Amino acid sequence: MAAIQLGLIGYGISQAGSAARAAARAESLEPGNGAAAGVAAASAWLDPSVDAGGGGSDTTTATVVVTVPSVVPLFDPVTVERSATMPNDLDP
């Protein structure tokens, strides 16, 4: 069971990273679309939470938090957070 739990945590880390990259990219191309892109890029059962509003004037940073459920009764669910930064592609 511990190996399955570790595999699920690894999967959650991968999903959070992919969703953060998708959210940052979408937000850098068209502001306001990052959160939806981040949620769509992650598995729904991980309950992704996306903040696509960070960054400076030249970059956009998105942060995604997912909750990996526990398959081992003694352990609590694990929260995983990943961020990604993309350059803004808006024309000056």
Side-chain angles (χ1 to χ4, degrees):
M1 294 299 278
I4 292 171
Q5 185 67 54
L6 288 175
L8 284 175
I9 293 170
Y11 179 73
I13 290 169
S14 174
Q15 287 287 288
S18 295
R21 286 188 298 278
R25 185 67 181 151
E27 190 71 20
S28 73
L29 291 172
E30 201 170 323
N33 289 336
V39 169
S43 294
W45 62 270
L46 291 171
D47 191 26
S49 171
V50 180
D51 176 13
S57 60
D58 293 336
T59 62
T60 298
T61 300
T63 302
V64 175
V65 177
V66 299
T67 303
V68 180
S70 176
V71 295
V72 179
L74 301 175
F75 296 128
D76 292 329
V78 176
T79 301
V80 177
E81 180 178 320
R82 290 290 179 260
S83 296
T85 302
M86 295 284 176
N88 290 334
D89 288 340
L90 301 175
D91 292 330

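These numbers come from a predicted model, not from an experiment.
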Give the intermediate values and the outcome of side-chain hydrogen bond (donor to acceptor under 3.5 Å, both in side chains) for residues T61 and T85.
CA-CA 4 Å; T61 300; T85 302; 2.9 Å; yes
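- Shortest non-hydrogen contact noted between S83 and T63 is OG-OG1, 2.9 Å.
- With rounding to the nearest 0.5 Å, the separation of CG in N88 from OG1 in T60 is 3.5 Å.
- For the pair S18 (side chain) and Q15 (backbone), a donor-acceptor distance under 3.5 Å is absent.
- Note on I4: it does not cluster hydrophobically with L6, by side-chain heavy-atom contacts below 4.5 Å among ILVMFWY residues.
- Hydrophobic cluster membership is shared by V71 and V68, with clusters built from Ile, Leu, Val, Met, Phe, Trp and Tyr side chains linked at under 4.5 angstrom.
- Annotation for P48 and V64: closest pair CB-CG1, 4.4 Å, computed over non-hydrogen atoms.
- Hydrophobic clustering keeps V65 apart from L8 (ILVMFWY residues linked when any side-chain heavy atoms are closer than 4.5 Å, directly or through intermediates).
- Listed here is the closest heavy atom pair of A24 and M86: CB-CG, 3.6 Å.
- Panel note: side chain Q5, backbone P69; a donor-acceptor pair is recorded below 3.5 Å.
- Side-chain heavy atoms closer than 4.5 Å link hydrophobic residues (I, L, V, M, F, W, Y) into clusters, and following such links, possibly through other members, connects V39 to V80.
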List the steps and the verdict of side-chain contact (heavy atoms from CB on, under 4.5 Å) for R82 and I13.
CA-CA 7 Å; R82 290 290 179 260; I13 290 169; 3.5 Å; yes
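- Nearest heavy atom pair, residue A19 against residue A41, reads CA-CB, 3.8 Å.
- To the nearest 0.5 Å, the span separating CD on E27 from CG on D51 amounts to 9.5 Å.
- Nearest heavy-atom pair, A26 versus N33, reported as atom, atom and distance to 0.1 Å: CB-O, 3.9 Å.
- With hydrogens and angles disregarded, no donor-acceptor distance shorter than 3.5 Å links the side chain of S43 to the backbone of W45.
- Of the candidates V66, T67, D47, P77 forms a side-chain contact (heavy atoms from CB on, under 4.5 Å) with just one, namely T67.
- When the side chains of ILVMFWY residues are joined at heavy-atom separations under 4.5 Å, either directly or via intervening members, F75 and I9 end up in a single hydrophobic cluster.
- Smallest separation of non-hydrogen atoms from A22 and A37: O-CB, 3.9 Å.
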